[in-house]
Amino acid sequence: MTSHLRNQLMEGRAVLPRVGSVVQLETQHPAYAVLDPAGSPVESVTPYLRDLALNDNSPATSRSYANDLLRWFRFLWLLNVTWDKATEGEVAVIVGWLRTAPNPQRRRTRPDTPQPGSVNPRTGKRYLKAGYAPATINHALTVVASFYDFHRDLGKGPLMNPVPISEARRRALAHRSPAEAVPAFRRSRLRQRVPATEPRAIPDAMWDEFFAAMNHNRDRAAVLLYVSSGARASELLGVTPADVDWPAQIVYVVSKGTKLREPIPASPQALVVLAAYIDAMGMPAPHEPVFRTRRGPDKPLTYWAMRRVIQRANDRLGTNWSLHDLRHTAAERMANDPNLTLVEVRAILRHADLATTGRYLHARVEDLFDALQAHYQRPRLQPTIAPGYDPDDFKAVFGG
């Protein structure tokens with residue numbers, strides 16, 4: 001029976017019971033806990049999440065890791081395997097399930113919703129597939145491997161990590177500088193191949209209609225700041241009045257990676273629209289975010305609310321741009337500006353790896369449309385004979 005259940009799970013034909021939960025705590029170390037089906041904290045997970053928080057990881061990271069561990073324990077509970085007796089066989093089951101089972105976050109109820117994995121005819125971007133992405137599967141494996149490494153170091157877990165590791169990868173990345181290219185190495189077993197996709201920026205020809213779809217100065221100011229500064233979504237939404245240096249045309253954000261308050265550029269147009277928005281809604285308290293909700297109680301604009309702004313614009317335009325595409329647009333414009341070096345663009349975007357910035361250094365066919373049309377319509381060059389040469393001699397030597 002257990003063997004049959006394992007095969008059913010691996011093929012995505014068995015349902016994984018959604019038992020247990022992740023809850024937020026009143027403490028900071030840890031900020032989250034994983035509860036078992038009876039509502040009690042999972043004892044082996046709590047010290048791991050506490051260690052994660054004490055190592056200066058963000059609460060969002062703790063929540064993400066807690067959810068991945070909850071999924072792992074749901075498999076162990078269903079298969080009746082204790083966490084310290086798990087083997088690579090259980091890891092193979094969860095990988096097979098993630099490769100075949102539908103992702104509940106991809107579920108759509110509207111009948112006119114595009115098919116998962118299809119291509120939007122206007123943007124050329126694919127819609128998300130119905131299942132779990134390869135990067136999501138690899139992240140789940142990383143979390144489980146880290147969990148077992150933690151307990152092994154404390155002498156409380158199995159000596160052999162159930163998640164296969166790649167020694168070649170560890171050696172290749174051990175002493176690599178961020179300025180160096182990523183060396184090639186073999187993936188470890190069960191790790192998924194993540195396709196190398198080009199970042200999708202909004203072409204200049206489609207930017208005007210996208211900006212026109214913003215129907216409020218708050219939304220116009222936000223997208224202009226995103227596309228002129230390259231700020232990440234959550235970074236910009238946390239900007240307060242004290243973070244805007246109007247004369248210097250600089251906005252300060254708390255960087256996602258370093259958690260430092262760092263300056264980013266802002267275009268004059270973005271600051272003009274931002275000033276108009278603040279004049280209309282009133283200046284918030286110095287410690288409160290500038291971007292606020294428009295309806296209901298006054299509160300900061302959240303990532304999900306800003307994401308909904310982009311979705312409403314997509315519905316009107318028949319596109320599928322995402323909030324992160326605004327950062328891609330800024331990065332591509334800067335990287336292809338001959339007046340900016342790649343090192344300068346890396347500093348503006350605050351990339352840890354120069355290779356990440358280099359991904360934006362390319363020309364796109366849609367951006368070269370006018371130049372290509374002129375190329376196609378240009379008359380074919382006709383060979384001519386330089387003055388002083390006899391045409392009959394050329395015919396005799398080279399043929400008519």
Side-chain angles (χ1 to χ4, degrees), residues 99 102-103 105-138 192-215 219-220 222-233 236 303-304 306-338 340 342 345 349 351 353 355-377:
R99 284 174 54 90
N103 187 338
Q105 294 185 352
R106 306 283 184 265
R107 189 179 298 120
R108 301 293 183 266
T109 57
R110 289 172 47 183
D112 58 340
T113 301
Q115 289 294 320
S118 62
V119 177
N120 184 284
R122 296 210 62 207
T123 65
K125 285 182 56 182
R126 284 191 179 275
Y127 291 95
L128 294 174
K129 295 182 178 181
Y132 293 88
T136 303
I137 301 175
N138 289 344
Q192 306 299 294
R193 180 184 294 107
V194 179
T197 57
E198 293 293 335
R200 296 293 300 183
I202 304 176
D204 291 342
M206 301 182 70
W207 167 256
D208 291 338
E209 68 170 13
F210 175 79
F211 182 69
M214 302 295 121
N215 57 10
D219 306 334
R220 298 187 191 101
V223 298
L224 285 172
L225 284 171
Y226 279 127
V227 85
S228 64
S229 67
R232 298 176 181 88
L236 190 63
Y303 168 83
W304 300 106
M306 189 64 210
R307 184 169 176 261
R308 183 61 189 137
V309 170
I310 306 300
Q311 289 175 339
R312 285 196 293 267
N314 284 329
D315 292 340
R316 289 193 291 272
L317 301 175
T319 55
N320 62 338
W321 301 119
S322 68
L323 192 53
H324 198 64
D325 287 338
L326 298 176
R327 178 170 166 84
H328 290 324
T329 303
E332 187 170 284
R333 289 180 178 181
M334 294 177 189
N336 291 280
D337 188 335
L340 292 173
L342 205 59
V345 177
L349 298 174
H351 283 152
D353 199 322
T356 303
T357 313
R359 296 175 60 221
Y360 298 96
L361 192 61
H362 65 277
R364 296 176 54 190
V365 173
E366 51 264 47
D367 294 333
L368 301 174
F369 180 79
D370 293 337
L372 288 171
Q373 290 303 311
H375 166 74
Y376 296 144
Q377 297 172 13

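Heads up: numbering here begins at 1 and tracks the sequence.
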Where do I137 and R99 come nearest, in terms of heavy atoms and distance?
-> CD1-CG, 3.8 Å
On a heavy-atom basis, the closest approach of P134 and P195 is CG-CD, 4.5 Å
Run the numbers on V227 and W207 for side chain to side chain contact (heavy atoms under 4.5 Å, CB included), then give the verdict.
-> CA-CA 10 Å; V227 85; W207 167 256; 3.9 Å; yes
How far does CG of D204 sit from CD of E332, to the nearest 0.5 angstrom?
-> 9.0 Å
Rounded to the nearest 0.5 Å, the NE2 atom of H328 sits from the OG atom of S322 at a distance of 6.5 Å
For the student: nearest non-hydrogen atoms of L349 and A331, plus distance = CD1-CB, 3.5 Å
Where M206 and E209 come nearest, the two heavy atoms and their spacing = O-CG, 3.2 Å
Correct closest heavy-atom pair for M214 and A313 would be CE-CB, 3.6 Å
Heavy-atom pair with the smallest gap, counting every atom of Y303 and L323 = CE1-CD2, 3.6 Å
Between CG of N120 and CZ of R122, what distance do you get to the nearest 0.5 Å?
-> 8.0 Å
Sequence neighbours excluded, every pair satisfying salt bridge (Lys or Arg N to Asp or Glu O under 4.0 Å) that has a member inside residues 316-328 | K125-D325
Once you round to the nearest 0.5 Å, how far does CD1 of I310 lie from CG of L326?
-> 5.5 Å
NZ (K129) and OG (S118) are apart, to the nearest 0.5 Å, by 11.5 Å
Where do R333 and D337 land on the side chain to side chain contact (heavy atoms under 4.5 Å, CB included) test, with the steps shown first?
-> CA-CA 6 Å; R333 289 180 178 181; D337 188 335; over 6 Å; no
Between T319 and T123, is there a donor-acceptor pair closer than 3.5 Å when you use the side chain of the first and the backbone of the second?
-> no
Donor-acceptor pair, T136 side chain versus Y132 backbone, under 3.5 Å?
-> no
Under the side-chain hydrogen bond (donor to acceptor under 3.5 Å, both in side chains) rule, what do N320 and Y127 come out as? Steps first, then yes or no, please.
-> CA-CA 7 Å; N320 62 338; Y127 291 95; 4.6 Å; no
Is there side-chain contact between F211 and L224, with at least one heavy-atom pair below 4.5 Å?
-> yes
CD (Q311) and CG (D315) are apart, to the nearest 0.5 Å, by 7.5 Å
Tell me, please, whether W321 has R200 positioned over its six-membered ring: NZ or CZ under 6.0 Å from the ring centre and within 45 degrees of its axis?
-> no
